[in-house]
Every structure is written in structure tokens, then in C-alpha cells.
Amino acid sequence: MKAKVYVTLKPSVLDPQGKAIHHAIETIGYGTITDVRQGKYFEITLDDATSAEEARAEITRLANDVLSNPVIEDFRIELDSESEA
Amino acid sequence: MKAKVYVTLKPSVLDPQGKAIHHAIETIGYGTITDVRQGKYFEITLDDATSAEEARAEITRLANDVLSNPVIEDFRIELDSESEA
Amino acid sequence: MNEPVITPELVKSHGLTEEEYGRIEELLGRAPSFTELGIFSVMWSEHCSYKSSRVHLRRLPTKGEAVLQGPGENAGIVDVGGGLAAAFKIESHNHPSFIEPYQGAATGVGGILRDIFTMGARPLAAMNSLHFGPLKAGADASAEERATAARNRSIVAGVVKGIGDYGNAFGVPTIGGEVRFSPCYSRNPLVNAFTLGIVRRDQIFYGRAAGVGNPVIYVGAKTGRDGIHGATMASEEFGEEAQSKRPTVQVGDPFLEKLLLEACLEAMREGAVVGIQDMGAAGLTSSSSEMGSRAGTGIEIDIDLVPQRETGMSAYEIMLSESQERMLIVAEAGRERQVIDIFKKWELDAVVIGRVTDDHRLRIRQAGEVVADIPNSALTDSAPVYDRPVKAPDSPPAAPEVGQAEGSNEELDATFMRIVTSPTVASKEWVYHQYDHMVRTNTVVLPGSDAAVIRIKEKRNSLAMTLDSNARYCRVDPRAGARLVVSESWRNLIASGARPLALTNCLNFASPERPEVMWQFSEVIDGMSEACRAFNTPVTGGNVSFYNETDGRGIYPTPVIGMVGLVSDTRHVTTQWFKQGGRAIVLLGATSDDLGASEYVLATRGRLEGRVPALDLDLERRVGEACLKVIESGLVESAHDCSDGGLAIALSECAFSSYRRKAVGFEVNLEGGLGAAAHLFAETPSRIVVSAPDENVDTIMELAKEHGVPAARLGRTGGERLKIRVNGEPVIDRPVSEVEAAWRRVLPSMLEVASLIAAEESRTS
Amino acid sequence: MFPGSNCDHDTYHIISKVIGQPVDFIWHRQASVGDCDAVILPGGFSYGDYLRTGAIARFSPVMGAVKEFASRGGLVMGICNGFQILCEAGLLPGALLRNSNLKFICEHVNMRVEVTDTPFTSRCQRGQVLSVPIAHGDGNYFCDPGTLAELQRDDRIIFRYSDAQGGVTRESNPNGSLDNIAGICNRERNVIGLMPHPERASEELLGSNDGRIIFRSLADTLAELAKAS
Ligand SMILES: Nc1ncnc2c1ncn2[C@@H]1O[C@H](COP(=O)(O)OP(=O)(O)O)[C@@H](O)[C@H]1O
Ligand SMILES: [Mg+2]
């Protein structure tokens, strides 16, 4: 089974990466873009024997403990089986 | 209008981050996870006056030229208006 | 403006007492507005006002020949000759680093870098002193202890990565520091960051808002809601609710800071800058009121002009925001355009937000209305000062005498290995390999020796610097402990070939509201002062961090000393490592029965026992003078001070390989009437191990004698083994490579996994 | 110089004070490289390197000029971040990924000189081992198999990480680079990129002199070119 995890900065937290990218693309002529925020994205493969329920629990724990930093980030999970449904 | 850009390493490129993180989580007991690939994720806000068509063209150019490195990465675009449709 | 009504609860939630609130009303002659309440609460916080420490800090010696600027400015400054001066300071970022290790440590580095370049100095070296809880729980540990160890590992990994990423991207070499471990830091990690910069003597800048009518210019990052109430947070102990304070985390941007540095230095060179100050703790509030107060002027700010990152921010939020990478500049009237253009060149915001006034007040306007109007003195000089109760503990904290624990030589050898591999003694390479310690190509002595040394390009001299602490000693005897820490710093510089000039210090303590803690504080100040006088190394500044306490469990008193010295000729720079075989090993100073409060006691008893080592400040000074003499006369090839773990550890460290130099073994015989454990592991101060060609030994002995310093020839370098005999009897005999490998393996083996996760969490793409 | 470059002054110092050649800084917004003989892109963190290292720097006006200069046969050397920028700009093939241990690494490493017929290694000997520091978080060289074969076939791998004896081993590879690659050049051999910092190993006082030979080779080449013209 596959899962996707999207990690984004909480809205109030400064995003130096996004800001620097935005500033740079402004100077090279991307006039219509008003904001850029950068996040992380993970594609995770699980053992085929894992049930959707187990997978969701495992991935949630992983996203919380490892993939994101709950102090400054939020995350969102998509299980492939679910997104197809 | 908002757009999302997902940048992932090409399948043929070894992903040092994904590999290292997989190794780490194995050690701390995530037994069911067999693979991790890490990518980047951008949330981009465009001028409200931009049409969907213009937006798609602009974001494609941006993703191609700036947000991804075609030597190692692929990208995927989602325009908010479209995903809602 | 719809501001909250001021209630007793609101006052309390701002960390102000009833009396303090009464004082505010008195000073203003009315009730404060909400914005004013916020301003008072940060300026009167422990962190900004030093209200509990000020009466004690006054006792520190701060004057000396080399001192150009003592405490009171953003950094201390000493003369280093040739028209140049060194600006340096240390600053704590303990509480933020507990809440968010990566960003907390990173922004700590950012803050101290700004403190240095505010003075016109280009930062040329950084160091850090780190204290953490244990990384590993014992075999029979509870689940909770194991969780604590795991949390400690992730704190270490995050902090080290945060320091590295910020300093590396900024382009300052991080060339030294210390990393120490003890259970008291488990929920109270200490992150103290030091920076040194060089400035021409005639181009020093100060944080003064001089010249009525001059424009006040805001430069750097936009203001967001970051870290609001960071300063009051650092002034409270942690409890469960620390979790809920999390959203205030500040995020650092080293790239922006690098641009800010270049732009500020350029604006200063152009001569348009009258005064400048970074916005650190308490942001715009403290920078504007302090700049006005130092110059005897006032500042008026139109809050609507402040560049803002978020919408709908109130005056309160803008004044209290701790967004990073911002500075306040007072420019010469009529030259604002020039300043703004320089910042524009570096792609930075620069906006005139106010003027210097003559009325000694801080006045804030929003939409034309005055929302705060406070006399500067009320925020600075008239801030509360407490002479808090001081009480010595009834019984001394540890049993006075410590005897030898081992019965056999095998047991002594096992103790040796236990000490070599204790995390506090083990190699810190895992940490400093993540720091760029070479950028700017000045680093003459890379991390790993007693002190780090940078050359001053195009001059003959070099600067040596060291950070030291020893909370074990300060816990057992704060006054003697502080003396010992200062003398260790002194010895570290001496052994590197430097003459110590002055020091900065960071005083990390538990809650000042407990009389025993205040007693520790007061004792540390006195001990430090005594040592500073003995060595003629005045205090040029520092920082106090109280409330390092979680759920009632406080840290050991942990003063950290950052001492800076001058090597008059770069050719005299000396490292601790034996350079080749066939050299004589000489000990300057002599070992006594000082096993108390040592690494040995921790390794064998598992807890602190005994008295701290006896220190004779005058002897220490003489050992230092003798050592400097033998170094400057070119008589020795290496010099290493003895500290944690005693002589056996010091000798091993001399032998281990370093950079492109292979390991060099040795054979020594330690003679005298002490027990074997004391010979090997006593932490007697005032001792330096040197190695030298045979033909120089007589001269070295004579010089030692002239200085009234005992000295003994211990043995020779050479071979591939580490051989220590005590009164002729072999006690330790192992391949250097084996001991070295064990010593190097400790931190990597505990931290590798934690560091992968920290890399993931730290948001570096 | 790009905003965020931080090894610019180090490189300047070595070339002017140690090698004794004239140097000038070129600002990133300059649209021309002037009449210089060689361009060096120094290390650092251009534009913070927030997207990918070197990704934003390649859009700066000066990079257009550098490309043009290189296409005329001008000598271009990218050190560390400079190497990353050259890859992003397409002047060199491949890309530099995150180090395999995900950590920034600052230490002395050994690299073996593989090729001496470049303007940057003419004074070296084939197989010579240089001790030069690295300091990077993204130095893990990657390219597709076809490109790698081409680099190998055309002798365009200039430096490989090795042990002190010149053995190219897994243990001596600090960052996971493909084929232990530490530095490569373009087809025309006038553009070179390398991760290690020769400018940090050009004075005995700083622990190694080995990097100097690269700047000396460059100076020799330029002197010959000057004579020829
Ligand atoms: N332990 C100390 N010893 C001497 N001076 C100190 C100490 N702690 C703080 N100071 C001095 O008090 C002043 C205020 O310090 P601080 O609030 O940390 O300044 P900043 O906010 O600019 O970092 C500084 O000049 C500092 O050097
Ligand atoms: Mg300051």
C-alpha cells in the first residue's frame, strides 16, 4: 500500500525558504505570483499485508514523530486506497 | 488563485533523504514501512486577475525552470480551481 | 483601538506582581494602556531587567588596560593591538531550545551574531557551550527514563544542526565550545552561544539614539507575530503549560542575516549611521527604549510604518514581536536616503519609522493616536531591582572525603576506559564536523585542542578563545567552583600560547525565587571575581539565565566562562597534541589528592561526592606565566591543560590523532605518595602537560623553578601504545588506536539515528 | 559574488596574497564579467540555497555573462556552491544531492588527481593525492548512467575522493557521490567544478598546502595563454 504525507508550515510561522524563492522569482519576471510557501512531501510504501486502518495509524504516528515538527508544522495524510475510493 | 506543485526525484535517482529516513525509522521500530521517498511541495498564490489558463502556463514554466531540476526531478501541478471541479 | 481592559488577571498573566503594577501606575501617573502593559512586562522581565542579578553583578571587576568597552553595551570590546579591537559576548538561548531545539539554537546564534555586528565588528568566530541530559538510559531503566534519553538525543541532534545550519550559511566559522552531560539538564538543556568579531578601534558603533531630530530607521526582516512574550517566557520556569506556549517559536533566516551584516557594515563605513542596535529579546521595545536611554534622548515611533509580515497586527504585537534579523538604526538627518539605498542594494527593507526626540520618552503612535508614552527611565533605570533572600544550604551537598574505589590495577584500567568513554569526556567530533570551522580561512587551531585560535589576517598576532564550565564543582561549592572554571579558561588559553585578556560569562541558574539558588548565584559572582582579579582578566559582559527549572527540578549552578587571549606571534600558537616520538613529557604543576567532585567520582560512585579540588590562584597564575614563557621561548612542541578526568585523560588526549597528524603513543611513570587513582584521575588544577626535545628539558625545569612552579619529567612520547605506570607498576597499557576508537565512537553511536530525524524535522529542503 | 556567498574573500585572499595574481569581485547583478581571464565561483550559500543549492543563483544576470564567457573558451572554476551553481546552470552535467548521512560535513578529505590535461591540474601528477577540506551539506554527486559513462570515457572526472594512499574506496567517500566523484569538467575542459575547497588548503598555517597547486596550475595556464596571444 502507498501513502502520501504533505507537511506544511503553520500559517503564522515565517517561511524563509518560500520567501527567498518568491523574492527571487519576482526579480526574474514572474509578476503574477504573489506568494510561495514551501512544504515537504513524502511517498511511503507499506507492507502489503498492512490493513488500511493499521496503515493510517502507523503513518499518522510517523508523520507526527518524524516527518513533521508539530511545533511549527501541520501535516495531511492520503492513503492510496482511500484516494481511489 | 492557488496552485500546488509537487516535485519528486525521478525514480532512477537514488534518494539519499528518503533512504536515510527509512533507515532511521526502521531502527526505531516502524516495521511495516518498506520505502520512503521525499519530495518537495509548494503552495503558490497567484494574482486574482490571472485566468486559469494563464496560471497553468505560468506555473508550468516556474516548475520547469525554477522549482525542479529536470536532471533529477519530475513535477506535478494542481490548480485549486481545477481540483475543485 | 479596542484594547483589552486591564484586570488583575491580565497583569498576572504578564508576569508582573501587584507591587510591580503599582509601581508602573506610579511612574506613569496613571493606569497603563494595554500596549504599555506589554512593554513594561517585557522590559521588567528577569531576562531584560536583570532585576534579581543586578545587585550581584555590580561586584564583578570590569576594568582593565585592554578593555575598551565593558558591560552595558551589546558586546564587550578589548584592544588587540595594531589599531584593531575584538568585540565578543555570550548569550543564552536555553528556553527556546527546549521548546524547539533546531530553531531555538539557530536563532540563538543569529542573536549573538547581531550583537557583535551591531558594534561594527565583522563576526569572525563562533563557539557554543551546550549542556544536555543523558543520552542513554541504564539497562534497568524505566520506560520514562528511556523516553527522557530519547528526548535528550533529539534535543542534541536538533540543537547541533540548528547551530551548524545557521552559522554555516551565515559564513562564520564555529570553532569551539563544550558539550557536557548531566541528568539535571534533561528538561533544562543549556544552549549558550558566543561570537567574536573584529573592528577597527576608530570604527566602533554603539546603541545610542543621539541627535534630536535624527531619523529612526527600521531595517531587515518584516515583523510577524513570532516569539511574542519570548522574554517573559525565558523568565518563568517550565511546567506542563510550556507546551501551550509553543506557537511563539521564532524561525531564523541566516541568509537574510548575512545580507543584513553586509548592509549594516556598508552603511557604517559610509558614515551615515549615528547609532545602531539589534532587535533581540523584546524586539522593538527594548531596542528603542535602550537606545534612547543610553543617549539621554527619546524616540517616537509611528507603528503603522513598521514593515509587517502579517495583517491586522496591533501596536502591542508589533512592539513585542521577536521576529529575527531586524535592526534599528539612528541615521544622520538628511542621509536617510543613503542608508535606504544601501539596504536596497542588499535587497533589504529599510524604512524610516520615527525620530529622535528630546523628551526622554518612548512614544508610540498608531493611526495618529498615542498608544504608549513612557519615560525611558521607567523601563530601564527605574526597573525593579531585587535583593532577593540568600540562604546557604544547611548541610554541604556531598560527603567530604573520597577514597579510591578500586582494589586492583585491572579495576583502575576499567575505570580509565569508563572515563574515556563518558559522554562529557568523549570526542566531540560528531558535533563540530557539522560546523563549518574553516570558512574565512583564519582558523589556525581547529576544534579539539584546548582553545581555538584564529589568525588576524595581515597581522602577526592571533586570537585564542575558549568556553568552559564545570557544574559539578559549582554544585558542590559554587564559590570555589567558579574560581576553578575561570582558572580552567585561563589555563586553556595559556596552553595555546595566548595571554588572556578578558572574559564574558553566561550565568545559568535555577529559580532566583529560591534562596538557595540566590546563594549559589552570589557565591559564583564572588568566586568569579576573585579569579578575575588574580589573573587580571576583567569581565566585559555576559548574560544571566534564571529559571532553568522544570516542575521544580532545577539545574546545577552553571556559570559558563568565555575567555579571549592574544597570541603575540602566530608562530607561538601551540596545540595539545604530541607531535612526534622520542620527546620528553614534562608536567608543570603537581598532582594532589583531588578526587572529589570529579569525573572519577561520577564514574565510580554514580553520583557527586567529595570536596572540589583545592585551588591556589597565585600558583595557577605562576604555572600560567611559566608555561607561556616556555612556549614563547620555543622550548615545547605541545601543551595541554589537565581538567576533566585528570592526568590519565589529558595524556591520552595528547596522544590521539588529529586532522592530518597520526597518533603518537607514550610511556610515563607517575611517582609520589598518592594513591594510584589520584595519580591517574585527580582533577588538581594548575597543571599543564608539555612535550619537548630532551635538550630543552633542563631549561624548562629551570624556568619552572624561577616561577616557583613544581615540575616533573613523566616519561617519553613514542610507540603505538598508551603506557602509564604508577610508582613503577604498570596500570594502563593499551594500543592508542583502541582507546581512541572507543573515545570517538561514543557520540556517533548514540546520536546517528536522532540526527537523521532531526534533519528531517528541521525543514531544510 | 552572489548574495550569500561566503568564501569569496577566502578565494580572493589566496589568489591575491598567496598566488600573487590580480583579482576582482564581480557582483551578481553585473551583466558582464569584464575583461578577466578566468572566473571563479566561490563557495557559500547563494540566496540561502533554500530551494536547491545553486538553483536561484543561476538566474542572476552575471550567470548569463559567465555562460557567454565559457562558450568563448574562458576558464571557469566553481568551488563547492560554485560547482552546484554550474550544474544548475547546465555548464556542467549532473546534480549535487543531499549528503548520504544528511549532515553538513566539515573535515579534511583526500582526493586523487585523475587527469592532468586541464587548465586547473596541469601542475599536478596523475594519481597525486591532495588533502583538502570539504564543508557542505549537498555534495553527493549524481548523474544518469549515460552521462557517467561519458565522463569516464572522456576523462572528465578530475578528482575522486580517496584514502591517503590514493585508494578509491567506499570508506573514503564522504558524501555518497557516484563513483567517488569530487570534481568534473565540461567537454571543452575549460569549466571545472569541485566540492572540496582548495582555497582552504593553500597555506601551511591552516594545516595544508595541497590546494595551492590548483591555483598555480590556473596561473600557469593563464601565463601561457598570455604569451601565446
Ligand atoms: N553575567 C554578566 N556579567 C557581566 N555583565 C553582564 C552579565 N549578564 C549581563 N551582563 C551585561 O548586561 C547587559 C545587558 O545584557 P543583555 O540583556 O543580554 O543584552 P542584549 O539584550 O543586548 O543581549 C550587557 O551589556 C551584558 O554584557
Ligand atoms: Mg543585544
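In what follows, every chain begins at residue 1, and chains take the letters A, B, ... in the order their sequences are listed.
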Need one label for [X]: side chain, backbone, both or neither, based on atoms under 4.5 Å from any heavy atom in chain D.
{"X": "C:Asp253", "result": "both"}
{"X": "C:Glu257", "result": "neither"}
{"X": "C:Leu259", "result": "side chain"}
{"X": "C:Thr443", "result": "backbone"}
{"X": "C:Glu262", "result": "neither"}

Min side-chain heavy-atom separation [X]-[Y] under 4.5 Å:
{"X": "D:Cys106", "Y": "C:Tyr435", "answer": "no"}
{"X": "D:Arg200", "Y": "C:Asp436", "answer": "yes"}
{"X": "D:His13", "Y": "C:Lys457", "answer": "yes"}
{"X": "D:Asp10", "Y": "C:Arg440", "answer": "yes"}

Evaluate whether atom [atom1] of [X] has more than 12 neighbouring non-hydrogen atoms of other residues, nucleotides or ligands under 6.0 angstrom away.
{"X": "D:Lys67", "atom1": "NZ", "answer": "no"}
{"X": "D:Gln30", "atom1": "CD", "answer": "yes"}
{"X": "C:Lys662", "atom1": "NZ", "answer": "no"}
{"X": "D:Glu204", "atom1": "CD", "answer": "yes"}

_Which portion of D:Ser202 sits near chain C, non-hydrogen atoms under 4.5 angstrom_ =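 Contact with chain C is absent: no heavy atom of D:Ser202 under 4.5 Å.
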*Is chain C contacted by the side chain of D:His136, its backbone, both, or neither, given a heavy-atom distance below 4.5 Å?*
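Answer is neither: D:His136 stays 4.5 Å or more from chain C.
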Minimum heavy-atom separation for [X] and [Y], please, with both atom names.
{"X": "D:Asn6", "Y": "C:Gly171", "value": "ND2-CA, 3.2 Å"}
{"X": "C:Arg660", "Y": "D:Gly207", "value": "NH1-O, 3.0 Å"}
{"X": "D:Lys103", "Y": "C:Trp430", "value": "NZ-NE1, 3.1 Å"}
{"X": "D:Phe45", "Y": "C:Phe255", "value": "O-CD1, 4.2 Å"}
{"X": "D:Arg29", "Y": "C:Glu347", "value": "NH1-OE2, 2.7 Å"}
{"X": "D:Glu199", "Y": "C:Thr441", "value": "O-CG2, 3.7 Å"}

*Between D:Glu107, D:His108, D:His9, which has the largest tally of heavy atom pairs under 4.5 Å with chain C?*
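If we count pairs closer than 4.5 Å to chain C, D:Glu107 comes out on top.
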*Roughly how far, to the nearest 0.5 Å, is CD of D:Glu203 from CG of C:Asn442?*
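Answer rounded to 0.5 Å: 9.0 Å.
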*So, C:Asp165 side chain and D:Phe104 main chain: donor-acceptor pair closer than 3.5 Å or not?*
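No, C:Asp165 side chain to D:Phe104 backbone: no donor-acceptor pair under 3.5 Å.
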*With distance as the sole test, does C:Arg455 use its side chain to make a donor-acceptor pair with the main-chain N or O of D:Leu206 at under 3.5 Å?*
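Checked: no pair found.
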_Largest heavy-atom contact set with chain D, pairs under 4.5 Å, which of C:Arg661, C:Met438, C:Lys258_ =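 When all of C:Arg661, C:Met438, C:Lys258 are compared, C:Met438 has the most.
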